[in-house]
Amino acid sequence: MIFYKNTKKYKKTKTRNLIFSIFQNGIVTDKDDSILEANVCKDAYNVFFSGGTIKTGLGFEEFNAPANKENLDECHNFNFAEMLDEVQHLWMDRWYNNNTNKYYYQLLMVDSKNMLYGVVVPDAHEGNVIPKSTKLKGKQIYFGRNYRIENLDSSIFFTDQGMIYLTYTGEQIFENVPEMISCVVHYGNFFGITNKNRNTLVYTKNLNLTEWDSEQSSTIEFLDNRGAFTKLVLFNDYVYLFREYGITKISLYSSKDNFSFTHIYTSTSKIFEQSVCVCGDAVWFATRDGLYKFNGNSVSRIFENYNGYLKNCDHANCTAACLDGKYYLATRCNFDDGQVVGCEKGEYVNNILFEFDLIDGGVNILRGVDIRELLAFDTPFLRKLCACFYNENKQIVGQLNRHGKTFEKSNEKSWQSVYSDLGEVDKRKCVKSVILTSKYDCDFEIASDEETKKIHIYGQKNEQRLQICVCGRKFKFVFKTENEQIEVIKPAVVFDVLQ
């Protein structure tokens, strides 16, 4: 018997294991897929990413307050809708009671009629929302803040018809006080920007605003290309004047009229005053070009990997706050991904909340929530990031949590990789399987330049191997769910390279 040599040629394959750690290198939104590593995240929202794992992301629940400082876990809920037709503004009020020698705190709210309401924290009123003032009714509110006059803490509100002065002993309106849009007190001087003249800085040594006398105040006017005055910030023992296109430093000397002004920074893109926020050792702000921080002397761009998001943002109605080493920015973003998430299914003003961690550089993105205003409610015993909303949640005050849902609606969650060649350039490959641990149900999608396959993953504690068999030269991996919880741990992609 004669045996002949088999000369038929078969395609050679070699097995490779590619382990991509989810969010190992963060989200990169401003670079082309072709120059990014396979384990870089291209797009993610409503999930938290850390250490090769995606977990349940941010959400909101209804604001609550503890009944007393001794038991912060026993909380009262509030029916804001019973009193307010729409929550339009939030303030934190703090005052020192000279009789009890204690500080007291409350959350203040204004509705569409400009009626002022409040809840005391800790709550001594069994969950009741208390009317605080009717003097704001029918007036346009420009600015509100805590203030101290003649050893008495107060909340003051600047309106188009004067200043409303509110203390725990009473309230009063002073019609001759200009309508300030921003103000600070520094070394016995009051600095303010008025709504009528956005190119003029007002200052006076008379800190008792209830005795405002225009003849005792002075003004400084800048008519350059840095634009209108928008916000005053007290930072690092200086007053900084933020303008539409720049930052000016104000230095004080011995006499009232002895100031120096240094133009620190000129921006090529508009600075949105609602984004300006003091966070630790820097002032953070947003422009149409991205996110920046100011250290008192210079400005630097930060979180540039997110410029793909930030450059697609309309910051006209943005709002910002800083709490526990994190900078929060709610704004409107065009994701341009063909998806409609949460509030995007109807009319909306804002649709995204960024959480930027100043310590570890991490970023959390909450998509699909229409936030009107953010407030850092920060006391020695309790800290909450609070928010009020547009549209369907307009009668609710919320507090940020990490439960993966907004009130009782689960947030749609998504993580998406770049379109990658898996490290094998111009070679056709076959993804055979994906090894992972998924503790909750979710949907997995793998798309190549040749085909797409979708698989439903059933949650379990043990590691799973998903049989895939998808071929192509480039691949994209997507995890999605509409459930409240998600936790997917270090997927490993097993594939063959076809020679």
Side-chain angles (χ1 to χ4, degrees), residues 88-89 91 110 114 136 139-145 147 156-164 174-186 189-207 209 212-235 238-252 256-257 259-278 283-289 292 294 299 313-320 329 331 349 372-373:
Q88 291 197 343
H89 295 291
W91 289 278
V110 168
N114 284 355
L136 291 171
K139 301 174 179 62
Q140 183 176 352
I141 303 172
Y142 294 110
F143 181 59
R145 61 159 291 169
Y147 201 80
I156 56 175
F157 300 93
F158 297 98
T159 76
D160 59 348
Q161 298 178 39
M163 182 188 74
I164 309 297
F174 298 88
E175 297 179 354
N176 61 326
V177 180
E179 57 273 38
M180 304 290 177
I181 61 169
S182 184
C183 66
V184 297
V185 173
H186 186 48
N189 287 268
F190 173 89
F191 295 86
I193 305 169
T194 69
N195 183 60
K196 284 186 177 179
N197 193 341
R198 297 290 187 94
N199 292 104
T200 299
L201 181 69
V202 178
Y203 64 92
T204 177
K205 279 191 173 296
N206 181 13
L207 300 184
L209 300 184
W212 182 271
D213 186 347
S214 58
E215 294 183 358
Q216 294 182 10
S217 64
S218 302
T219 60
I220 295 176
E221 189 173 20
F222 296 137
L223 298 174
D224 54 28
N225 60 359
R226 294 176 180 86
F229 302 174
T230 58
K231 191 166 186 175
L232 287 162
V233 173
L234 193 59
F235 175 67
Y238 290 99
V239 176
Y240 291 94
L241 172 62
F242 276 76
R243 305 168 67 181
E244 288 179 311
Y245 296 93
I247 305 173
T248 298
K249 178 180 178 180
I250 304 173
S251 302
L252 283 71
K256 167 186 169 182
D257 297 315
F259 301 95
S260 72
F261 301 91
T262 307
H263 298 302
I264 298 290
Y265 173 68
T266 301
S267 174
T268 57
S269 185
K270 182 180 178 182
I271 298 171
F272 291 89
E273 65 267 24
Q274 302 99 318
S275 71
V276 178
C277 194
V278 177
V283 182
W284 289 45
F285 64 90
T287 76
R288 294 195 189 280
D289 292 333
Y292 294 80
F294 171 60
V299 171
C313 284
D314 177 4
H315 300 305
N317 295 290
C318 72
T319 175
L329 176 68
T331 187
V349 178
R372 180 194 291 266
E373 192 168 274

Worksheet item: For Arg145 and Cys183, which heavy atoms make the closest approach, and how far apart are they?
Response: NH1-O, 3.2 Å
Worksheet, complete the sentence: All heavy atoms of Phe235 vs all of Phe294, minimum pair found to be CE2-O, 4.1 Å
Worksheet item: Taking only residues two or more places apart in sequence, or in another chain, which ones meet Thr262 in a side-chain contact (heavy atoms from CB on, under 4.5 Å)?
Response: Lys249, Ile264
Discussion item. Below 30° counts as parallel, above 60° as perpendicular, anything between as tilted: where do the rings of Phe222 and Phe261 land?
Written reply: perpendicular
Acceptor/donor pairs from residues 190-197 side chains to any protein atom, 3.5 angstrom cut, sequence neighbours excluded:
from, atom 1, to, atom 2, distance (Å)
Thr194, OG1, Asn197, N, 3.4
Asn195, OD1, Arg198, NH2, 3.1
Asn195, ND2, Tyr142, OH, 3.3
Asn197, OD1, Asn199, N, 3.1
Asn197, OD1, Thr200, OG1, 3.3
Asn197, ND2, Thr200, OG1, 2.8

Item to complete: Can you see which heavy atom on Phe229 is nearest to which on Leu201, and at what distance?
Response: CE1-N, 3.5 Å
Worksheet item: Is the Tyr265 ring parallel, tilted or perpendicular to the Phe285 ring (thresholds 30°, 60°)?
Response: tilted
Discussion item. I'd like to know if the side chain of Arg226 reaches the main chain of Arg243, judged simply by a donor and an acceptor atom lying under 3.5 Å from each other, with no hydrogens or angles considered.
Written reply: no
Fill in: Pairing residues for Glu373 by the side chain to side chain donor-acceptor pair (under 3.5 Å) criterion, not counting sequence neighbours
His89
Practice prompt. Specify the closest pair of heavy atoms between Val202 and Ser217, including all atoms of both residues, with the distance to one decimal.
Written response: CG1-CB, 4.1 Å
Item to complete: Determine yes or no for a side-chain-to-main-chain donor-acceptor pair under 3.5 angstrom, with Gln274 supplying the side chain and Ala316 the backbone.
Response: yes
Worksheet item: Within the side chain of Glu244, is there an N or O that forms a donor-acceptor pair under 3.5 Å with the backbone of Ala228?
Response: yes
Worksheet item: If every non-hydrogen atom of Gln88 is compared with every non-hydrogen atom of Arg372, which pair is closest and at what distance?
Response: O-CD, 3.2 Å
Worksheet item: Heavy-atom count around Glu221 CD within 6.0 Å, excluding the residue itself: above 12?
Response: yes
Worksheet item: Should the heavy atoms of other residues, nucleotides or ligands under 6.0 Å from OH of Tyr238 be counted, would the total exceed 12?
Response: no
Worksheet item: Parallel, tilted or perpendicular: which describes the rings of Phe158 and Phe143, with under 30° parallel and over 60° perpendicular?
Response: parallel
